[in-house]
Amino acid sequence: MQSIKTPKTAPSTIEELMQRARGLAGLSLGDLARAANIQIPANFKTQKGWTGQLIELWLGASAGSKPEQDFPELGVELKTLPLSYSNKPLETTYVCYAPLTNNTGVNWENSNVRNKLQRVLWLPVQGEREIPPAERIVGSPVLWQPNSHQNAQLQHDWEELMDMISLGQVERIDATVGSYLQLRPKAANGSVVTEAIGEDGQIIKTRPRGFYLRKNFTQDILESAFLG
DNA sequence: CGTTGATCATGC
DNA sequence: GCATGATCAACG
């Protein structure tokens, strides 16, 4: 393995970001972890976000739990994407928390979903569970922006879901609603609750929800990128 | 076997 | 509890 090192600063241009990302392609997560002196888990049962955090380190993303893009100055969100042997996504992609109350004035244009998805750097990684994390190979990065059709469908899904949330139907939303986006529980465990709007407009307690991208959608994104 | 709902680690 | 990074695993 060559003498590559983790960057100490964020990339100042998208081209610099892409060069860093392309430099990771073909390397294993074990290569990257060892070079950064990071312990490698045998599986992800207790460290589900390990890959994403490792790649963030290697690309110089600003760590933190702020609800904004990974590279705010570049307007780029970073997402790792676990792929099967046939190069299809093995998991859905988390986008952001879903606001369940105080949504007056929130629209698609100023939504967190749109902000996050305006420009995404996808970094595919082998994801089959039988491949130990250390041996999983990083793929070629894909810089994506939604085309007009994708943007329209995302907006449609977002509006449908947010309408249901605002109309007190959050408990009637399951993961089948939405064609690109879906809404699913997002919490440390089942005892975590937050406020939402109930059927009669009253405040209720419910499990926090997050927006996710369906696998079929992220698969389309990858295929389009590699078909040119 | 694919999807939905549940869950894990971390920082504040 | 919120928000980041996601994958796990029970179930239909």
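As the structure is a computational prediction, the values presented were derived from the model and not from experiment. Letters A, B, ... are given to chains in the order of the sequence lines, protein chains preceding strands, and every chain is numbered from 1.
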Grab the two heavy atoms, one from [X] and one from [Y], that are nearest each other, plus how far apart they are.
{"X": "A/C96", "Y": "A/V113", "value": "SG-CG2, 3.6 Å"}
{"X": "A/P133", "Y": "A/P41", "value": "CG-O, 3.4 Å"}
{"X": "A/A196", "Y": "A/T206", "value": "CB-CG2, 3.5 Å"}

Is there a side-chain contact between [X] and [Y] (heavy atoms, below 4.5 Å)?
{"X": "A/V142", "Y": "A/L222", "result": "yes"}
{"X": "A/F71", "Y": "A/P11", "result": "yes"}
{"X": "A/L32", "Y": "A/I38", "result": "no"}
{"X": "A/I173", "Y": "A/R209", "result": "no"}
{"X": "A/T80", "Y": "A/V138", "result": "no"}
{"X": "A/Q126", "Y": "A/L29", "result": "no"}

Mind jotting down which residue pairs meet the side-chain hydrogen bond (donor to acceptor under 3.5 Å, both in side chains) criterion with at least one end in residues 190-200 of chain A? Sequence neighbours excluded, please.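 side-chain hydrogen bond (donor to acceptor under 3.5 Å, both in side chains) check on residues 190-200 of chain A returns A/N189-A/S191.
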[N] [atom2] sits how many Å from [X] [atom1], rounded?
{"X": "A/F71", "N": "C/dG5", "atom1": "CZ", "atom2": "P", "result": "11 Å"}
{"X": "A/K48", "N": "C/dT7", "atom1": "NZ", "atom2": "P", "result": "10 Å"}
{"X": "A/L54", "N": "C/dT7", "atom1": "CG", "atom2": "C1'", "result": "16 Å"}
{"X": "A/W50", "N": "C/dC8", "atom1": "CH2", "atom2": "C1'", "result": "17 Å"}
{"X": "A/F44", "N": "C/dG5", "atom1": "CZ", "atom2": "C1'", "result": "11 Å"}

May I ask you to list the residues of [range], by number, that have any heavy atom positioned under 4.0 Å from an atom of DNA chain B?
{"range": "residues 167-188 of chain A", "answer": "A/D174, A/A175, A/T176, A/Q182, A/R184, A/P185, A/K186, A/A187, A/A188"}
{"range": "residues 74-109 of chain A", "answer": "none"}
{"range": "residues 120-133 of chain A", "answer": "none"}

Note to self: Any donor-acceptor pair under 3.5 Å linking the side-chain atoms of A/N151 with those of A/Q155?
What the structure shows: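 No donor-acceptor contact under 3.5 Å links the two side chains.
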_In terms of relative ring orientation, are A/F217 and A/Y180 parallel, tilted or perpendicular, with 30° and 60° separating the classes?_
parallel
*Is it the case that more than 12 heavy atoms not belonging to A/N102 sit under 6.0 Å from its CG atom?*
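Open.
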Check: Looking for any heavy atom pair under 4.0 Å, which part of the strands does A/G52 touch: base, sugar-phosphate only, or nothing?
Finding: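 Sugar-phosphate, backbone atoms only, no base.
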Scan A/N43 against the nucleic acid and name what it touches under 4.0 Å (heavy atoms): base, sugar-phosphate only, or nothing.
-> nothing
Identify which nucleotide among C/dG1, C/dC8, C/dT7 has an atom closest to any side-chain atom of A/T194, counting heavy atoms from C-beta outward.
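Taking heavy atoms from C-beta onward, the closest nucleotide is C/dG1.
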The nucleotide from C/dC2, C/dA9, C/dG5 with an atom nearest the side chain of A/K45 is C/dA9
Rounded to 10°, the helix from B/dC1-C/dG12 to B/dC12-C/dG1 deviates from straight, judged by its five-pair end axes, by 30°
With a 4.0 Å cut-off (strictly under) to non-hydrogen atoms of chain A, the first and last hit nts on DNA chain B, 5' to 3', are B/dT3 to B/dG11
Next item on the list: Please test A/T92 against A/R184 for side chain to side chain donor-acceptor pair (under 3.5 Å), starting from the C-alpha separation and ending with a verdict.
Entry: CA-CA 11 Å; A/T92 56; A/R184 306 218 308 276; 3.1 Å; yes
Check: Any ion pair linking A/K88 and A/E223 (charged N to carboxylate O, less than 4.0 Å)?
Finding: no
**Prompt:** Between A/N216 and A/N189, who's closer to the 5' end of DNA chain B by nearest nucleotide?
**Reply:**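 The residue mapped nearer the 5' terminus is A/N216.
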| query | Taking A/E91 for the side chain and A/P82 for the main chain, is one N or O donor matched with an acceptor at less than 3.5 Å? | reply | no
